[in-house]
Amino acid sequence: MTRWLATRSPEASPTLQLACRAQHFRRWEIPRSSYPMTRPGYLTWRAKLKSQAASQVAELLASPAVEPALAGEEIERVAALIRKENLKSDDETQILEDVACLVFLDDQFDEFEKKPEIDEEKIIGFAGRDATAIYSRVHADSIIQTTIPVSKRIGQLVTSTPLPPPVQPPSPPPPSSKPPLASLISSHDFAAAAFSSFPAKTFAFVSSAATDLHTHHANTAAYSAIGLRPRVLHDVTAVSIRTTILGHRVTAPIFCAPTSLGKTVHPEGERELGRACKSLGIAQVVSTSASFPLAEVMDAIRLTPPLPANGREQQQEQQDIPVFFQLYGVFLTVDAPVPGKREADERLAADESTHTPMSGTRAVNDAAGGALGRIMGKYIDASVSWADIAWLRGCLPSGVPIVLKGIQTAMDAVKAMEMGVEGIVVSNHGGRSLDTAPATVLVLLELQRCCPEVFDRMEVFVDGGVKRGTDVFKALCLGARAVGIGRGALYGLNYGAEGVRRYVEMLNDELETTMKMCGVTSLDQVHPGLLNTGAVDHLIPQSAAEEHPYAKWRRKPEGNSKL
């Protein structure tokens with residue numbers, strides 16, 4: 001880095017030299033596998049690497065071991081350079097990015113550089129936007145693994161070379177790493193903002209999924225594989241996305257799915273989520289592992305005044321939104337009899353003061369790690385079975401509906417229907433419980449193929465993988481009454497109730513646009529014929545039978561074997 005910096009910018013300031021030396025300090029501690037293997041996932045991972053390296057370097061430079069002591073302004077400036085803040089407008093930040101690109105080119109194109117007609121001046125000519133584009137493209141496509149040398153002890157490097165006095169005048173404090181809410185226009189923007197601004201443990205908890213993340217990725221990828229079949233020449237001047245959930249009117253077919261420990265994202269946690277849902281006129285499902293007791297969440301909702309009407313239809317007459325858990329219905333989670341193994345969450349130590357008031361459980365750190373997700377494992381009863389549905393019905397007041405959350409096969413959907421529950425949520429816990437379980441939108445297709453009657457006998461909901469209004473539309477076409485958003489709601493909560501509102505309204509806008517493009521003006525007009533599912537049809541089981549379609553083998557009881 002320092003060699004290329006001297007070549008690229010001989011007059012580099014002392015601060016830039018120091019930032020260049022510290023550029024890759026412990027940068028690779030966060031595994032790439034912790035994030036989706038997509039372009040947004042890659043960018044999110046890179047942003048977190050820079051943020052972590054900057055924080056660690058700043059902490060090191062502020063330690064008493066550094067002599068002479070560095071001014072606070074210079075330490076902040078070094079951290080800002082490592083984070084690549086103001087890349088387009090800050091000359092020094094651009095130089096640092098150029099040098100990183102040159103190191104990459106130097107490392108990856110050694111043989112190319114040895115050719116007689118190639119010299120370093122020509123490689124330097126790649127620096128800037130072109131080099132950055134090559135650098136990013138190669139990394140994003142996972143074609144080449146960069147092997148940039150990393151100093152094992154940056155402290156020794158700093159103290160072994162005398163540092164000149166701080167640059168004058170002092171640099172202004174770096175801007176916040178959280179972009180303005182108004183600049184976020186997609187779900188990917190919200191995820192990237194969470195990545196750059198959440199505490200590392202919070203982001204690991206919210207974004208993590210089970211083991212190799214196959215189901216987590218498949219939830220989203222399956223939506224992308226299903227195509228739309230737009231209809232034209234329909235009057236789509238006005239569309240309505242109003243619907244009902246278990247008999248309760250809502251302004252949109254989107255609800256906030258139950259999420260845990262909202263207080264790790266925002267001080268008001270689920271209370272703030274409730275305020276956002278009230279202003280939007282959509283339903284909220286409160287988790288048993290919420291950061292606040294249910295009564296406190298309800299108090300926050302009741303005291304929130306409805307917002308004035310906006311461009312979309314506003315539900316002015318409704319003063320109370322449906323809140324599911326104990327109020328308008330019980331969502332019984334059935335897809336997590338035990339907690340899943342969420343490795344990104346396990347890797348980082350948990351704050352052992354973190355607890356869930358309704359369950360009374362706390363986080364712990366042990367030899368297995370420090371996953372916040374394991375809090376739920378302390379109160380989940382692995383013995384819960386279908387027989388308990390009747391018991392639960394007897395405990396509830398008359399008329400309170402029961403919804404089973406976590407149905408993943410046609411067999412269990414039929415069983416739920418036969419047990420007389422009012423609804424099911426097709427869910428795999430956001431890919432957080434059992435890896436390689438089916439993508440949820442594919443389960444909707446399985447129900448359509450194997451047991452379509454369930455859509456007439458129960459309300460069917462779905463969550464997992466919904467990132468766009470087109471995803472919402474596809475789920476509705478396949479029979480879903482509404483879709484739940486979990487991680488997305490927490491990413492929005494990063495900005496408080498206003499962030500949640502913006503996130504949901506963004507999906508609503510995309511849904512309305514999709515409806516208009518497909519010649520649909522109300523949700524009672526959606527149907528599977530508006531979709532092309534050919535790319536995934538071969539993945540859908542042919543029947544709701546328990547048996548494998550052709551493998552009939554059964555293991556013999558060990559008691560019959562001869563030793």
(request) Using a strict cut-off of less than 4.0 Å between a Lys/Arg side-chain nitrogen and an Asp/Glu carboxylate oxygen, indicate whether Arg271 and Glu268 qualify as a salt bridge. (result) yes
(message) Side chains of Thr259 and Ser287, heavy atoms from C-beta outward: is any pair under 4.5 Å?
(response) no
(message) Return the CD to CE distance between Glu446 and Met411, rounded to the nearest 0.5 Å.
(response) 6.5 Å
(message) Can you see whether Tyr503 has Arg468 sitting over its ring - NZ or CZ less than 6.0 Å from the centre and within 45° of the normal?
(response) no
(request) Please check if any side-chain donor atom of Asn494 sits under 3.5 Å from a side-chain acceptor atom of Ser197, or the reverse. (result) yes
(message) Less than 6.0 angstrom separating the ring centers of His548 and Tyr550, yes or no?
(response) yes
(message) Quick check: closest heavy atoms across Ala300 and Arg275, and the distance to 0.1 Å?
(response) CB-NH2, 3.8 Å
(message) Measuring from atom CG of Asn219 to atom CG of Asn428, what distance do you get when rounded to the nearest 0.5 angstrom?
(response) 4.0 Å
(message) Whether Glu272 and Lys263 form a salt bridge (side-chain N of Lys/Arg under 4.0 Å from carboxylate O of Asp/Glu) is what I want to check.
(response) no
(message) With a 4.0 Å cut-off on N to O distance, would you call Lys415 and Asp412 a salt bridge?
(response) no
(request) Taking the side chain as every heavy atom from C-beta outward, state whether Lys474 and Leu531 have any pair of such atoms under 4.5 Å apart. (result) yes
(message) Do Val206 and Thr202 make a side-chain contact, defined as non-hydrogen atoms from C-beta onward lying under 4.5 Å apart?
(response) yes
(request) Quick one: closest heavy-atom pair of Val400 and Arg393, and the distance? (result) O-NH1, 3.5 Å
(request) Output the distance between atom CG (Leu213) and atom OG1 (Thr436), rounded to the nearest 0.5 Å. (result) 12.0 Å
(message) Both conditions, 6.0 Å and 45 degrees, for the charged tip of Arg481 above the ring of Phe461: are they met here?
(response) no
(message) To check you understand the geometry: which heavy-atom pair defines the closest contact between Lys405 and Pro258, and what is its length?
(response) CE-CG, 3.7 Å
(request) Return yes when atom CG of Leu396 has more than 12 non-hydrogen atoms of other residues, nucleotides or ligands closer than 6.0 Å, and no otherwise. (result) yes
(message) Do Asn532 and Ile226 have side chains that approach each other closer than 4.5 Å (heavy atoms only, starting at C-beta)?
(response) no
(message) Would you say CZ of Arg457 has more than 12 non-hydrogen atoms from neighbouring residues, nucleotides or ligands within 6.0 angstrom?
(response) no
(message) Is it the case that the side chains of Thr514 and Glu510 hold a donor-acceptor pair, with the cut-off being a distance below 3.5 Å and no angle test?
(response) no
(request) Answer yes or no: is there a side-chain heavy-atom contact under 4.5 Å between Val425 and Val403? (result) yes
(message) Tell me the closest heavy-atom pair linking Ala283 and Cys277, and the distance in Å.
(response) O-SG, 3.9 Å
(message) Any non-hydrogen side-chain atom of Tyr491 less than 4.5 Å from a side-chain atom of Val500?
(response) no
(message) For Ile424 versus Ala413, what's the shortest heavy-atom pair and its separation?
(response) CD1-CB, 4.0 Å
(request) Verify the neighbour count for atom CZ of Arg229: are there more than 12 heavy atoms of other residues, nucleotides or ligands below 6.0 Å? (result) no
(message) Pairing donors with acceptors under 3.5 angstrom, does anything connect the side chains of Asp463 and Ser427?
(response) yes
(request) May I ask you to check whether Arg501 and Ser279 show a side-chain donor-acceptor distance below 3.5 Å? (result) yes
(request) To the nearest 0.5 Å, tell me how far Leu447 CG sits from Ile407 CD1. (result) 9.0 Å
(message) Is the positively charged end of Lys178 above the ring of Tyr495, judged by distance under 6.0 angstrom from the centroid and angle within 45° of the axis?
(response) yes
